**Q** 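Quick one: this structure, given as structure tokens, is what I'll be asking you about.
None of the values given here were measured: they were computed from a predicted structure. Numbering of ligands and ligand atoms starts at 1, following listing order. When reading the values below, keep in mind they use all heavy atoms of this one structure, side chains included, and skip hydrogens, waters and symmetry mates. The first residue of the sequence shown is numbered 1, and numbering continues consecutively from there.
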Amino acid sequence: MKNTVLTFKAAKEKGEKLSMLTAYDYSTAKLIDEAGVNSILIGDSLGNVILGYEDTISVTMEDMIHHSAAVARGAKNALVVCDMPFMSYQTSVYDAVVNAGRLMKEGRAGAVKLEGGKEACPQIKAIVDAGIPVCAHLGLTPQSINAFGGFKVQGNTETAAKKLIEDAKEVEKAGAFAVVLECVPARIAEIVTKEVGIPTIGIGAGNVCDGQVLVYQDMLGMFSDFTPKFVKRFADIGLVMKEAFAAYDREVKAGTFPAKEHEYTIRDDVLEKLY
Ligand code: KIV
């Protein structure tokens, strides 16, 4: 069944958990979609896991549109949510609406996600008013990595926790249909989850959240540059891939691949005319 923002609303009302995973290409999106995951996020984490940057700062609108369109072609039932990259919405409400529109029109996303609380509410409201669903993102917001001074747990002081709870209420008021909570203490995520009427999607925020999201390379053991504490490795596909690449390398070099069954044939009478 097709997942929409209404699926998210109904899940919160019924107390049913929501699943979200990142994807950046057609074939992975298709596998995730076929597995029944509710939503696929084209995260700007593509800067790290696909493009090899140290952070998400350099990711462009063109990068996001390109990957979102590929994912959208593979996602038949999952709600496709596309991240708004750094400086595509912080600069003005106008920029935010124009760029969210591009992610929907050119990237075929069903919703956009942006980082920020109260300060991002004018943008959230304007994008929602334009008919584009918005997922908010609070806690550790990687686009502000330079302001945070590194990847650190957020909302773990009284002031920070109060701000996080307040921000969650504000983004809900501005019209967000869901809010991602990244790297926050589980007990704070629990308070937010109880106090807002929209689903909370946790990543490093405990299991009381209404849903969970992970970067798929992390949960498949395909990205080893940095593994946060909150990641569970559901399979070691990275190892399987490495072993398969090495086997291919060995067989090519030994001349055992390709074998007879991988060859195309030609009729002998045609072949004879060539000599
Ligand atoms: O960019 C991303 O992948 C994200 C998730 C970690 C929530 O924002």
**Q** Take atom CD in Glu158; do more than 12 heavy atoms of anything else shown fall under 6.0 Å from it?
**A**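 Incorrect, the count does not exceed 12.
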**Q** Once you restrict to heavy atoms under 4.0 Å, what part of Thr22 touches ligand 1? Side chain, backbone, both or neither.
**A**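 Thr22 to ligand 1: side-chain contact only, backbone stays beyond 4.0 Å.
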**Q** When you look at NZ of Lys76, are more than 12 heavy atoms from neighbouring residues, nucleotides or ligands closer to it than 6.0 Å?
**A**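 Atom NZ in Lys76 is crowded, with more than 12 foreign heavy atoms closer than 6.0 Å.
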**Q** Ligand 1 versus Leu41, non-hydrogen atoms closer than 4.0 Å: side chain, backbone, both, neither?
**A**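 Near ligand 1, Leu41 shows its side chain, while the N, CA, C and O stay back.
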**Q** When you look for heavy atoms under 4.0 Å from ligand 1, do you find them on the side chain of Asp83, its backbone, both, or neither?
**A** side chain
**Q** Determine, stepwise, if the pair Glu166 / Lys163 fulfils salt bridge (charged side-chain N to carboxylate O under 4.0 Å, His left out).
**A** CA-CA 5 Å; Glu166 215 36 57; Lys163 175 160 169 39; over 6 Å; no
**Q** Check each of Gln143, Lys113, Glu115 against atom 8 (O) of ligand 1 and report the one with the nearest heavy atom.
**A**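 That would be Lys113.
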**Q** Using the six-membered ring wherever Trp is involved, compare the ring planes of Phe177 and Phe8 and label them parallel, tilted or perpendicular (cut-offs 30° and 60°).
**A**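 Perpendicular: the ring planes of Phe177 and Phe8 meet at over 60°.
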**Q** Which atoms of ligand 1 have any heavy atom of Val215 under 4.0 Å away?
**A**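 Taking each heavy atom of Val215 in turn, ligand 1 has 3 (O) under 4.0 Å.
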**Q** For atom NZ of Lys9, decide whether the heavy atoms of other residues, nucleotides or ligands shown that lie under 6.0 angstrom number more than 12.
**A**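 No, NZ of Lys9 has 12 or fewer neighbouring heavy atoms, counting only those of other groups under 6.0 Å.
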**Q** If you apply the rule salt bridge (charged side-chain N to carboxylate O under 4.0 Å, His left out), what do you find for Lys113 with Asp83, and how did you get there?
**A** CA-CA 5 Å; Lys113 177 167 83 56; Asp83 259 347; 2.7 Å; yes
**Q** When you measure from atom 3 (O) of ligand 1 to every protein heavy atom, which one gives the shortest distance, and what is it?
**A** Ser45 OG, 2.6 Å
**Q** By number and element, which atoms of ligand 1 are closer than 4.0 Å to a non-hydrogen atom of Gly43?
**A**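 What qualifies from ligand 1 is 1 (O), 2 (C), 3 (O).
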**Q** Looking at ligand 1, does any of its N/O atoms fall within less than 3.5 Å of an N/O of Asp44?
**A** yes
**Q** Report the relative orientation of the aromatic rings in Tyr24 and Tyr216; use parallel for angles under 30°, tilted for 30 to 60°, perpendicular for over 60°.
**A** tilted
**Q** What's the shortest distance from atom 6 (C) of ligand 1 to any protein heavy atom, and which residue and atom give it?
**A**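 Looking only at protein heavy atoms, the one closest to atom 6 (C) of ligand 1 is Ile203 CD1, 3.5 Å.
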